[in-house]
Amino acid sequence: EGTEGEEGEGEGEATEGEVVLSFDFEDAEAKTFFSWNLTSFETAEGIFKAIVPEAANPWEAQLAYDVTTPFTLDQEYKVVFKVKGSAEGKADLVFQTPSGDLGYPVAGSFGEFNITTDWTDVELTTTCTRDDATRLIFSFGGTFAGDLYIDDFQLIAVAPAAKAAAKAAKAAEKAQA
């Protein structure tokens, strides 16, 4: 199972922060994910593998992970991971509030990333825009089909929310001066 709440730093040009989720896929961590319409997914030889079928719409081929404690409203998050595919394409990654009553609203978009046939390092950031977001979701429909491989995934809270709020208040004071 993935690690929630470890303290640490990201990789590459990392900004110090708290590692919220971390998957190295050395164990059976694929079991903690779930999907819509993916043919299969598994952990093998320390790598996450999913078979993504062709789909017309983004929501028709998705991979998701739910957390028990909601992501923090107005908190900036960064994801870092490695990805490759058996074909080229794109995918996107978002926070979501998993409520059909609310229409499954997006709660912060990391944006699209490219999938190539070579391992690619991905680093994306977003800010969580809702206080009830408990899902991290990849969407592939219409933009990628084939074998997908992911490794060394981390979700990092870039700076403590309180620090970000203090920084915003200070900027507001300067603007009024």
Side-chain angles (χ1 to χ4, degrees), residues 1-7 10 17-25 27-43 47-83 85 89-113 115 122-146 148-162 164-165:
E1 188 170 307
T3 305
E4 279 189 56
E6 278 188 4
E7 296 210 12
E18 179 184 353
V19 176
V20 178
L21 294 172
S22 181
F23 299 103
D24 63 9
F25 301 109
D27 298 316
E29 293 170 326
K31 293 178 187 175
T32 60
F33 286 82
F34 59 97
S35 74
W36 288 271
N37 302 322
L38 297 190
T39 305
S40 70
F41 56 93
E42 65 184 3
T43 300
I47 297 171
F48 181 88
K49 177 185 178 186
I51 300 173
V52 182
E54 286 192 38
N57 297 301
W59 62 87
E60 292 177 332
Q62 294 180 313
L63 178 68
Y65 184 85
D66 281 353
V67 296
T68 53
T69 302
F71 298 107
T72 304
L73 176 66
D74 296 328
Q75 172 66 57
E76 183 180 7
Y77 290 91
K78 175 172 68 170
V79 292
V80 292
F81 59 96
K82 297 174 184 172
V83 66
K90 293 181 185 279
D92 70 1
L93 179 62
V94 300
F95 287 127
Q96 184 187 66
T97 298
S99 170
D101 293 343
L102 298 174
Y104 300 98
V106 170
S109 176
F110 289 94
E112 283 192 334
F113 59 92
I115 300 168
V122 176
E123 183 174 315
L124 305 165
T125 59
T126 193
T127 300
C128 184
T129 59
R130 295 182 60 97
D131 64 2
D132 56 357
T134 57
R135 181 170 289 159
L136 188 63
I137 189 164
F138 291 88
S139 296
F140 307 102
T143 57
F144 176 79
L148 174 78
Y149 304 92
I150 299 173
D151 201 6
D152 300 330
F153 181 93
Q154 286 192 326
L155 175 68
I156 301 162
V158 173

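None of these values were measured; they are calculated from a predicted model.
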(request) For F153, enumerate each residue passing the ring pair (Phe, Tyr, Trp, His ring centres under 6.0 Å) test, keeping only those at least two apart in sequence or located in another chain. (result) F81
(request) Take L21 and F23 through the test side-chain contact (heavy atoms from CB on, under 4.5 Å) and record every step on the way to the result. (result) CA-CA 7 Å; L21 294 172; F23 299 103; 4.2 Å; yes
(request) For Q62, enumerate each residue passing the side-chain hydrogen bond (donor to acceptor under 3.5 Å, both in side chains) test, keeping only those at least two apart in sequence or located in another chain. (result) S139
(message) List the residues meeting side-chain contact (heavy atoms from CB on, under 4.5 Å) with D101, not counting sequence neighbours, and say none if there are none.
(response) S99
(message) With side chain to side chain contact (heavy atoms under 4.5 Å, CB included) as the test, pick out the partner of K82 among D152, V122, I47.
(response) D152
(request) Any chance you could measure Y65, atom OH, to L136, atom CG, to the nearest 0.5 Å? (result) 10.0 Å
(message) Quick check: closest heavy atoms across F41 and S35, and the distance to 0.1 Å?
(response) CE2-OG, 3.4 Å
(request) Give a yes or no on whether the ring-centroid distance for Y77 and F71 is below 6.0 angstrom. (result) yes
(request) Nearest 0.5 Å please: distance from the OG1 atom of T129 over to the CG atom of L73. (result) 7.5 Å
(message) In terms of relative ring orientation, are F138 and F113 parallel, tilted or perpendicular, with 30° and 60° separating the classes?
(response) perpendicular
(request) Please list, chain by chain and in numerical order, all residues satisfying side-chain contact (heavy atoms from CB on, under 4.5 Å) with P70, sequence neighbours excluded. (result) T134
(message) Within this structure, what is the CD-CZ distance for the pair E54 and F144, rounded to the nearest 0.5 Å?
(response) 11.0 Å
(message) Can you give me the closest heavy-atom contact between A50 and F48, atom names plus distance?
(response) CB-CE2, 3.9 Å
(request) Working to the nearest 0.5 Å, report the span between OG1 of T125 and CD1 of I156. (result) 11.0 Å
(request) Taking all heavy atoms of G85 and all of I115, pick out the closest pair and write down the distance. (result) N-CG2, 3.6 Å
(request) For W36, enumerate each residue passing the ring pair (Phe, Tyr, Trp, His ring centres under 6.0 Å) test, keeping only those at least two apart in sequence or located in another chain. (result) F34
(request) Using a 4.5 Å cut-off on heavy atoms from C-beta on, say whether the side chain of C128 contacts that of D74. (result) no
(message) List the residues meeting ring pair (Phe, Tyr, Trp, His ring centres under 6.0 Å) with F110, not counting sequence neighbours, and say none if there are none.
(response) F95
(message) Can you list everything that forms a side-chain contact (heavy atoms from CB on, under 4.5 Å) with T127? Sequence neighbours excluded, please.
(response) E76
(request) Write down the atom of S109, the atom of V106, and the distance for their closest heavy-atom approach. (result) N-CG1, 4.3 Å
(request) Drop me the distance from K49's NZ to L148's CG, to the nearest 0.5 angstrom. (result) 10.5 Å
(message) Taking E60's backbone N and O only, do any of them form a donor-acceptor pair with N37's side chain (distance below 3.5 Å, no angle check)?
(response) yes
(message) Can you list everything that forms a side-chain hydrogen bond (donor to acceptor under 3.5 Å, both in side chains) with T97? Sequence neighbours excluded, please.
(response) R130, D132
(request) Working to the nearest 0.5 Å, report the span between CD of Q96 and CG of L102. (result) 10.5 Å
(request) For E112, check side-chain contact (heavy atoms from CB on, under 4.5 Å) against everything at least two apart and list the hits. (result) K90, D92, T143
(message) Which heavy atom of T43 sits nearest to which heavy atom of F25, and what is that distance?
(response) CG2-O, 2.8 Å
